[in-house]
Every structure is written in C-alpha cells, then in structure tokens.
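The next block holds one structure in the form of structure tokens; read it before the comments.
Because only heavy atoms are used, hydrogens play no part in the values below, and waters and symmetry mates are left out as well, while side chains stay in. Proteins come first, then strands; the chains are lettered A, B, ... in the order of their sequence lines, and each starts at number 1.
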Amino acid sequence: VKVLQENGDDPEKHLTITASQSLDDTDLCILKNDWGSIPVQPGDIIHLEGECKSGTWIITRDSGYLILYPDLLLSGTTISNSIRCMRKAVLSEKFRKCESGTCQMLIGTILHEIFQKTGTNFTQEELQELAFRTIHGPKYLKEMYQLNVKQHEIMQDIEEYLPSFSKWAEGFVHRPTQTNRIKMQLKLPSDDSKEDLSCNIEVTEFLDIEENIWSPRFGLKGKIDVTAAVKIHRRSGTQQKIMPLELKTGKESNSIEHRSQVVLYTLLCQERRVDPEAGFLLYLKTGNMYPVCGNRMDRRELLKLRNQLAFYLLQNVCKSSRENEQTQLASLPPLISDSQACKYCSQKHNCVLYSRAVEQQMENIFIPPDMGPVIEKETEHLKASHLEYFSLWYLMLTLESQYGKNKKGYRNIWMMSASEREKAGDCVGNMIRVERVQEVSDGQYLHWFQRKNGTMVGTNLMLGDRVVVSGEERTLLGISTGYVKEVSGNKISCLLDRNLSKLPKNILFRLDHEEGHFGVDASLGNLSKLMEDSSASERLRSLIIDFCKPQFIQHLSSVLPHEAKETVANILKGLNKPQKQAMKQVLLSKDYTLIVGMPGTGKTTTICALVRILYACGFSVLLTSFTHTAVDNLLLKLARFKVGFLRLGRAQKIHPDIQKFTEEEICRSKSIKTVAQLEELYDSQPIVATTCMGVNHPVFTRKRFDFCIVDEASQISQPVCLGPLFYSHRFVLVGDHQQLPPLVQNAEARDLGMSESLFKRLERNKNAVVQLTVQYRMNSKIMSLSNKLVYEGKLECGSEKVSQATINLPYLEDVKLELELLANTSETWLKETLDPNNPVCFLNTEKAGCKPSDIGIISPYRHQLKIITDLMPSSYVGTVEVNTVDKYQGRDKSIIIVSFVRNNNDGNLGELLKDWRRLNVAITRAKHKLIMLGCAPSLCHYPPLENLLCHLNTEAMISFLDMLLLDFVGAGPSSPGAAHPSGAHEHVYQCNLL
DNA sequence: CCTCTGCCTAGAGGA
C-alpha cells in the first residue's frame with residue numbers, strides 16, 4: 001500500500017495497491033467518506049471486499065470493506081469490548097492472564113454447556129439431571145475450588161434458569177402452537193422494503209455448538225454458541241436459514257456490545273456458508289430471544305473498529321528519531337475518563353501502569369485532567385526503579401514477540417498449502433479420518449488420521465504437541481484444536497475439542513503444529529503482577545529490582561525442629577561438603593539462596609536432599625523448573641525416597657513413572673467428586689511440582705509455600721522465573737550462569753539485557769551464593785579444560801575413582817591386531833580421514849566394545865548433526881545420541897564427540913560458537929573421553945577457544961594438525977615450540993582404536 | 001545466519 005494523496009476537506013485517501021511484491025501490477029483504491037481515517041501506511045497488507053472496476057476499487061459508506069492486517073484475527077468479544085474503551089481491549093489482548101473469573105462467569109459457562117447439550121428437545125427432568133451431572137462432574141471442580149464455592153450453591157443458581165429454557169423452547173422450537181408463537185420484526189438486508197416485516201421464528205435443529213471459525217477474510221475469529229437451522233415464517237412465505245444464536249445468561253440488556261457480537265458472527269459465518277444476514281440474542285434468564293440484523297452500517301462500523309484495534313495491536317513500537325535508532329514503545333489508545341467504567345475495569349492496574357511507566361515519558365501525551373490524580377494514586381506504591389524495570393521488560397518482551405511474527409504464527413495455516421508447509425515439518429496434510437471417534441472425557445474426542453495416499457512425511461509433530469485441524473479446503477479452516485496423542489507409521493491420533501465424525505467421510509484434513517508465544521503472555525502477566533500493590537509483590541520488587549540484601553538468621557537451632565534432627569542428619573550423611581553447606585544456607589535464609597551447580601556436581605541429588613530436609617522440617621515446597629523434563633528428573637529421584645508430592649501439568653508431557661502423582665490420576669484413583677474432597681487433596685500435599693508456567697493452576701490462588709525451588713534457573717528469563725516466586729515466602733534458585741542463558745531471538749532485546757536470568761541478576765549478592773564445586777562426572781583431564789576456561793580451578797573431582805576413570809574397551813587388543821593385519825600400519829584411519837575423496841568421515845567405534853548408547857555426538861548446528869546422522873550405519877541411529885550442544889545441557893555421556901564445524905580463513909566463527917557458555921557446556925558433557933574435531937586455526941580467532949586450544953596444546957592433547965596449529969597458537973603464553981610430538985601421536989593412536 | 005521450550009482458549013458477566 002502506498003498513500004498517494006490525502007485531501008483535508010473531504011477525507012479521502014488514495015492508495016496504490018498491488019497483489020505482488022514487485023510494483024509492476026498496481027490498482028488504485030479510493031477510500032471515501034470516513035474510510036479515509038483508517039491508519040493505513042505504505043507497506044501495510046490489506047484485504048479488500050467489493051468491486052474493482054477498470055483497475056479501481058472504491059470503498060464508500062455504502063459499498064466495500066477494507067480490512068487492515070487481515071491475518072491478525074480478532075475475536076468478536078475483543079471487538080465489542082473495544083466499543084467503550086479501546087485501550088481496555090488492547091490491554092486485555094496483551095495481558096490475557098490478568099483477568100480473573102467470577103462466580104457469575106462460571107455459572108454463565110455452565111449454563112451455556114447445559115443449554116447447548118439439551119438441544120431442541122427436552123423435559124424439565126432431563127434438564128435437572130443434566131445440570132446435576134455437569135456440576136458434579138470433574139470439569140468445573142477446579143474453578144469452583146478457585147472461587148471457593150460449593151457445588152450445591154452453584155446448583156441453586158443454575159436451577160433458577162431452567163424454567164426459562166422451556167419457555168424459550170415453547171416459543172421458538174418445532175412449530176410453536178398458535179398461542180405460543182412470538183411475533184417479532186425482522187428486516188433482512190435482502191428483504192424487499194415493502195414486505196411485511198413481522199414474522200415467527202422456528203428453530204428446528206442445533207447444527208453445531210461452539211463452532212470455531214477463523215476468518216482471514218474479515219480478520220475475525222470466534223466461537224458461535226449455537227449454529228441453528230431456523231425457519232422464518234412470514235405472511236408471504238417461509239424462509240430457511242442457518243443462523244448464529246448467541247446465548248447470554250446475564251441481564252437482558254440487549255446492549256450494543258451484545259448486538260455487536262452477533263453482527264460480527266454473521267460475518268464469521270460466511271467463512272462456512274452463505275451470509276445468514278442476521279442472528280439471535282437469546283437471554284437464558286428470561287427465555288426471550290431478539291433478532292439482530294447484520295446490516296451494512298453495523299458491519300462497516302465494527303470492521304472499522306477492528307482495523308483501529310489491529311493497528312494498535314501491531315504498531316506497538318516505533319523507532320526513535322535519535323541517531324541510534326533505538327526502538328521505543330508506542331502509546332496505547334488514549335485513556336478515556338469515565339469514572340464509572342474505569343472503577344470496575346479489570347485492566348485498570350495495567351492501564352495506569354502503562355500510562356505512568358511508559359507514556360508519561362513521552363512528549364505530547366494527553367491525559368484527561370481528572371485521570372492524572374487517579375494514575376498518581378494507583379501507582380504511588382511504585383518507585384522510579386520499578387517503573388523503569390517494567391517499561392524495559394515490556395519493551396524487550398514486545399521486541400521478542402515481534403521476532404517470529406512473520407515466520408511463525410497462525411497465518412501459515414491459511415497462507416501456505418499443506419504440502420508447502422510439510423517441508424518444514426510443521427504440518428501434515430492429505431489426511432483422512434479413520435476408525436471411530438472415541439469420547440475420552442467431557443469435551444475430549446480421540447480421532448485417528450491416516451495419510452490418504454503415499455507414506456507419511458517426516459514431521460516435527462510429537463506427542464503432546466498442540467495441533468490445529470483444518471480441512472485442506474479453506475472453508476474448514478481451524479475447525480478444531482487439540483493435542484497429538486500418538487504418531488506411528490502413517491497414522492496420527494489426536495485428542496480434539498470437537499467431534500468431527502459428523503463431517504463427510506471423504507474430507508481431506510491437514511494437521512498444523514500450533515506455535516505461539518505463550519512465554520510472552522506469561523511474562524507480561526508476571527510483570528504486571530510484580531507491580532501490584534500487595535505485600536508479596538512489594539517484597540519481590542525490593543529483592544529483585546532494588547537488590548535488597550538477602551537476610552540470613554544466625555543459628556540453625558531455631559529452624560530445625562527437634563524431632564527432625566535425626567532424619568536431617570541422616571540425609572546430610574550422603575552429601576559432600578559444599579552440598580551440606582548449601583543445605584545449611586537454605587535453612588538459614590530469610591529471603592533467597594542461589595546454588596551454583598557446576599557441571600556434574602550433583603544438582604539433582606542436592607535438590608532432592610533439600611526437598612527431603614525441608615519436608616522433614618515440616619515446610620511446604622513448590623518445586624519448579626522451566627521444562628517438564630527437568631521437573632520430572634527431580635521427581636524420579638525424589639520418588640525413590642518415600643516422599644509424596646503432587647505433580648501439576650498436562651498429562652501427556654509428564655514422564656510415565658510420574659503419572660501416578662498427577663492431579664488427574666490421584667483424582668481418578670481416589671474418585672474425587674466434590675469441591676471439598678479436592679480441597680482436601682490440595683491441602684494434604686506439602687510438596688507441589690510443576691513448570692514455571694504451570695503456576696496458572698487454581699491451587700495457587702489459595703495456597704502459599706514456605707519454599708520455592710527453581711531448577712535450571714540460569715536458563716529461565718526473569719519474568720518467567722518470577723511466576724512461582726509469588727507463591728512462596730523464600731526461594732532457592734539452582735543453576736550455573738557459566739552455562740547457556742535463556743534463549744532470546746531478537747537481537748535488540750538481547751542487547752537490552754533480556755537474556756539475563758534472575759539467577760545471574762541476583763548473583764551479585766555474594767552472601768546468598770553457595771557453589772557446588774565437587775564433581776562426579778568428568779575425569780581430571782576432561783575437567784581441566786573447563787577449569788581452565790571458566791571455573792578458575794574451582795572444580796574438583798569427587799574421588800580418585802572419578803579422577804582416574806577411563807573408558808573400558810574390552811576388545812581393544814583384538815582391534816589393534818586386526819588393524820595391523822589389515823593395513824600394516826596403525827594410521828590407516830588418519831590417512832583415510834585426510835583423503836580428499838572422503839569429505840566426511842564417521843569414526844566407527846563399534847569394534848572395541850563400547851556401547852553405542854555411551855557415545856554422544858554434539859555440534860552447535862542442526863545441519864551438521866543431520867549429515868552425521870545420515871552417514872551413520874542405520875543400526876546406530878537412535879542409540880548413538882546425536883544432538884545440539886544446547887540440548888545436551890544438563891546431561892552427560894561416557895564418550896562425547898564434539899564437532900566444531902567452522903573452517904575458513906577470514907576468522908568468521910558465527911554467533912553460536914562465540915558464546916563461551918555454549919563452549920563450556922560442550923566440553924563438560926563427557927565422563928571418560930572427550931574427542932573434539934575442528935579447524936584449530938579458524939577456532940583460534942576467538943580468544944576463549946584460543947585459550948582452550950593453548951591449554952590442549954600444552955597438555956599434548958591435540959592430534960595431527962599440530963604443525964598447522966603452531967603457526968597460530970604458537971604465540972600463546974605457555975606454548976612451547978614443538979609440543980610433545982610423541983604424546984600427540986599417541987593420542988591419535990588412541991582415537992583410532994576407540 | 002540458522003541454538004528453541006513453555007501454554008488450552010474465546011467468552012463466561014458486571015456496569
């Protein structure tokens with residue numbers, strides 16, 4: 001889009017538009033009337049509805065629509081919410097987590113479900129029965145726990161509505177009798193103006209409930225409560241239509257918001273079938289139903305509102321005018337000042353926070369005069385440092401969320417064909433539904449899909465991944481979402497939220513991997529919470545933002561209960577000195593402790609011991625980490641001791657051996673059916689384990705813990721790490737900032753400091769830090785590398801055995817013999833490796849008797865790993881573990897082979913290798929043997945690697961390229977001219993026989 | 001220049 005001309009008097013905008021990236025084939029688009037006010041800018045993507053006559057589109061009051069950023073789908077409720085206050089609508093999109101539910105909302109949800117399930121034919125008895133089953137089923141128990149309400153209280157409220165269900169049915173279902181017929185006025189856009197508008201409405205069938213529709217045509221999305229087959233009886237005749245019904249359980253307001261929702265649904269429905277032209281608002285409190293016409297004016301105004309919203313949601317940053325081109329946050333839609341609306345607004349906190357922390361730093365910001373004092377008062381508990389922290393993190397999170405905007409996201413589901421998307425592994429197309437759909441539980445349906453012809457393509461889809469199911473044809477876009485249950489051969493099973501068995505058998509489906517940026521949502525929620533005026537938030541602000549010195553008490557005797565002493569002593573027996581010191585430090589802490597777990601120092605053992613000790617002392621513990629795997633690693637160890645715990649999180653992501661500790665399983669085995677029983681379960685568990693992002697669970701709205709332990713804390717970004725800390729009085733972060741930091745994709749966000757973990761940030765308070773320095777993984781030679789590189793000699797071996805451990809190769813002598821017979825020299829392998837005709841070699845390690853599963857191959861690059869895997873004998877694939885450095889963090893193997901890949905003359909090492917933390921991880925994974933392959937002269941361009949190579953050279957650990965190396969490393973401080981040629985040779989020999 | 005894990009969500013009602 002290119003803006004050509006703007007006329008001040010008659011707001012009219014002329015746009016040059018093109019459907020192709022090159023500008024050769026352009027059309028003209030004229031925006032008349034107030035369409036000209038749409039904030040469309042050159043380069044924007046738009047969608048036009050209407051007619052194009054001789055290369056010119058004209059969008060006016062009476063015809064045509066312009067959709068700005070049509071790939072941004074906004075929900076019906078978001079748009080109708082923006083009518084009163086657009087600022088609120090934008091904030092609700094950004095701070096999704098911040099809206100807490102109420103009892104009326106829960107009742108509303110339950111009533112929706114009951115009404116939708118009853119269909120058009122029911123008795124009061126059946127209704128009562130269904131209501132009872134719904135309320136006493138497992139589905140809403142957690143929400144009732146959160147709201148602290150009893151089931152019978154909900155049942156009472158629900159019962160009041162049930163007679164109205166019948167009243168509605170009498171008036172509108174199945175040819176109502178003459179006396180019951182309700183007359184209403186309905187003028188459809190297609191109706192003749194002279195027509196008699198009075199009619200009776202007859203709902204004949206519920207064709208669908210909770211129909212999910214995505215409409216990239218209008219930039220809308222939403223769920224239709226009921227898609228109904230309707231007959232409109234008029235004097236002139238009967239018309240049949242498929243129309244949306246919108247259910248409301250609150251006051252019969254017939255408000256503009258309610259009506260707008262229906263108007264938007266009439267647009268959404270066009271994605272699936274012909275324009276319904278109108279829909280109905282059905283108030284379940286009274287049983288009254290009102291028609292809502294989707295007329296041109298309402299649709300036009302709502303789409304204009306959508307465009308405005310889309311603009312605010314996407315244009316959330318701007319480049320500063322200063323020469324350094326720093327990105328700055330943009331302002332939100334202006335503050336309204338409606339004391340009544342603002343008083344009850346669920347986004348009030350975020351609204352004033354953004355105004356104070358971000359907008360008040362800008363020039364030319366208008367604040368309604370009566371809002372000034374309100375903002376002042378609502379943020380008076382925040383210091384300047386807090387506001388700065390908020391606005392910096394808000395900016396970094398915004399930048400990071402923009403990173404994948406074009407690559408990822410929903411839009412690929414409609415912008416790319418399935419076969420196109422299959423190449424990246426994010427989609428599987430050409431699937432048909434096979435076998436019967438199985439209703440696993442309320443609202444969860446197990447489906448099987450099979451490739452229609454040909455074999456399955458390679459896919460990234462894995463157990464537990466979220467998927468979007470669509471028809472290969474555009475009309476069935478996003479019909480359902482769910483999780484992958486199983487991928488086997490050419491079949492995929494999914495647990496979906498809707499039953500697709502009603503659709504025609506021959507429909508071709510595609511399953512798209514659903515990515516998203518949930519991390520950003522959770523982060524913003526936590527950031528907002530950190531700024532709340534509560535004692536927990538205030539404490540965290542002072543500790544985290546203002547670096548208040550963590551406090552410790554003097555004597556253990558005051559925290560250690562007498563009866564726990566023996567148990568604690570027993571647990572301590574199994575620990576080494578620094579580990580014991582860590583236990584003591586945590587017990588003495590009043591605020592927090594940081595445990596630095598250097599490679600192989602027994603972090604898991606230490607955390608387990610800590611949990612057991614805290615448990616013995618009668619403390620409650622919240623145990624978390626960023627990934628499910630890390631949480632389960634701890635739990636697998638913990639389960640061996642007789643310590644019980646509650647594991648929260650999605651079942652499919654949890655280790656099979658831990659399943660019996662999940663909420664789902666416990667509720668099943670104990671057949672928990674009431675809120676009281678659930679409450680009892682939660683209260684009986686002093687140890688709760690989940691991921692950092694799993695703290696959205698209802699349990700945390702009511703429960704607090706004495707301690708929170710966060711494992712792998714150095715890999716978690718600050719706002720995510722913050723999540724669990726709100727629910728505990730003291731916390732323990734375990735990590736090692738010398739290993740990999742949190743992943744940040746956006747370079748600007750990284751430069752602003754986004755990859756600094758909370759662990760790293762708090763490490764400046766030395767009195768809170770304990771270091772685990774005794775390691776049990778690497779032998780002394782391997783350990784020396786990392787000691788030299790990062791740990792300044794602090795690392796030590798746990799025992800002589802660890803220090804001297806080498807690989808055991810039972811057939812070594814046989815192999816030696818065999819090699820000599822075969823090639824008459826022990827350097828065959830070396831020659832082959834150097835032979836120009838063998839560009840890539842795999843060192844076959846089978847012969848000497850080493851288990852393939854003891855070997856790990858690592859590299860910074862996925863493509864390198866792909867090549868290595870492809871060259872490996874197929875019997876090794878899957879047993880010799882080939883993975884990235886990043887994926888190997890926290891793990892080890894007896895033998896590790898590192899491929900550094902880079903080899904060039906201009907010293908170009910790339911970003912990945914230049915992170916010394918990644919290098920540290922790479923060299924600290926091996927227990928007995930570490931083999932590194934790389935071009936020494938290339939690697940020497942990077943000082944830490946040069947340092948490492950220098951050390952290797954001094955210690956005679958470099959093989960067969962030492963002649964070259966001397967030229968580059970020779971200048972190093974401790975490098976002698978010709979370093980142990982015999983030693984180097986010996987090492988080659990060792991490699992060969994491996 | 002290529003390293004990747006988290007999460008159920010659109011709408012439940014109030015004024």
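Remark: the A/E514 side chain and the B/dC7 base include no donor-acceptor N/O pair separated by less than 3.5 Å.
Taking the side chain of A/L912 as heavy atoms from C-beta on, and the options B/dC2, B/dG13, B/dA10, the nearest nucleotide is B/dC2. Of the listed nucleotides (B/dA12, B/dA10, B/dG6), B/dA10 has the atom at the smallest distance from the side chain of A/K223. For A/H628, the side-chain atoms get nearest to B/dG6 when compared with the rest of B/dG6, B/dC2, B/dG11. Residue A/T77 has its side chain nearest to B/dA10 when only B/dT3, B/dC8, B/dA10 are considered. When the nucleotides B/dC8, B/dC2, B/dA10 are ranked by their closest atom to the side chain of A/R96, B/dA10 comes out on top. Comparing B/dC8, B/dT5, B/dT3 against the side chain of A/F626 picks out B/dT5 as the nearest. Candidate nucleotides B/dT9, B/dC4, B/dA12 were compared by shortest atom distance to the side chain of A/L743, and B/dC4 ranks first. Residue A/T884 places its side chain closer to B/dT3 than to any other of B/dG14, B/dT3, B/dG11. Distance from the side chain of A/D886 is smallest for B/dT3 among the nucleotides B/dA10, B/dT3, B/dG6. Proximity note for A/E246 (side chain, C-beta onward) versus B/dG14, B/dG6, B/dA12: the nearest is B/dA12.
Atom C1' of nucleotide B/dG6 and atom CZ of A/R466 are separated by 13 Å, given to the nearest angstrom. Taking atom CZ of A/F115 as the reference point, atom P of B/dA12 lies 13 Å away to the nearest angstrom. Between A/Q652 atom CD and B/dT5 atom P the separation is 17 Å, expressed in whole Å. Atom NZ of A/K221 is separated from atom C1' of B/dT9 by 9 Å (rounded to the nearest Å). Between A/E93 atom CD and B/dT9 atom C1' there is a gap of 11 Å when expressed in whole angstrom units. Between the CD1 atom of A/I83 and the P atom of B/dG11 there is a distance of 14 Å, rounded to whole Å. Rounded to a whole Å, the NE2 atom of A/H863 is 7 Å from the P atom of B/dT3. The OH-P distance, from A/Y140 to B/dA12, rounds to 11 Å in whole Å.
Within the nucleic acid shown, A/Y283 has no heavy atom closer than 4.0 Å to any nucleic acid atom. Across all strands shown, A/Q444 has no heavy atoms under 4.0 Å from either base or sugar-phosphate atoms. Nucleic acid contact class of A/H112 (heavy atoms, under 4.0 Å, all strands): sugar-phosphate only. Within the nucleic acid shown, A/G76 comes within 4.0 Å of sugar-phosphate atoms alone, with no base atom in reach, counting heavy atoms only. Counting non-hydrogen atoms under 4.0 angstrom, A/D225 reaches the backbone sugars and phosphates but no base. Note on A/R862: only backbone sugar-phosphate atoms sit closer than 4.0 angstrom, heavy atoms only; bases stay farther off. Residue contacts for A/K887: at a heavy-atom cut-off of 4.0 Å it reaches the sugar-phosphate backbone alone, with no base atom in range. Using a 4.0 Å heavy-atom cutoff across all strands shown, A/R498 reaches no nucleic acid atom at all. If you check every strand for non-hydrogen atoms under 4.0 Å, A/L106 touches nothing. Nucleic acid contact class of A/Q261 (heavy atoms, under 4.0 Å, all strands): sugar-phosphate only. No engagement by A/T102 is indicated, since no non-hydrogen atom pair under 4.0 Å with the nucleic acid exists.
Considering only side-chain N and O atoms, A/R902 lies under 4.0 angstrom from the phosphate OP1 or OP2 of B/dC2. Taking only side-chain nitrogens and oxygens, A/T691 comes nearer than 4.0 Å to OP1 or OP2 of B/dC7. OP1 and OP2 of B/dC4 both lie 4.0 Å or more from every side-chain N or O belonging to A/Y888. Residue A/K251 places none of its side-chain N or O atoms closer than 4.0 Å to OP1 or OP2 of B/dG13.
Atom C1' of B/dA12 sits at a distance of 15 Å from the matching atom of B/dC8, rounded to the whole Å.
Contact detail for A/E246 and A/Y265: the closest heavy-atom pair is OE1-CE1, 3.2 Å. Heavy-atom minimum distance, A/L648 versus A/T690: O-OG1, 3.3 Å.
At least one test fails for A/R902 against the ring of A/F900: distance under 6.0 Å to the centre or angle within 45° of the axis.
Of the two residues contacting DNA chain B, namely A/A341 and A/Y265, the nearest-nucleotide position lying further toward the 5' end is that of A/Y265. Between A/L268 and A/N696, the residue anchored closer to the 5' end of DNA chain B is A/N696, taking for each the nucleotide with the nearest heavy atom.
Side-chain N/O atoms of A/Y483 and A/R466 include a donor and acceptor closer than 3.5 Å.
Aromatic ring centres of A/F165 and A/F115 lie closer together than 6.0 Å. Ring centroid separation for the pair A/Y283 and A/Y161 does not come in under the 6.0 Å cut-off.
Here the options are A/Q718, A/E748, A/E400, the test is side chain to side chain contact (heavy atoms under 4.5 Å, CB included), and the partner is A/M754; only A/E400 passes.
Rounding to the nearest 0.5 angstrom, the gap separating the CG atom in A/D886 from the CZ atom in A/R918 is 4.0 Å.
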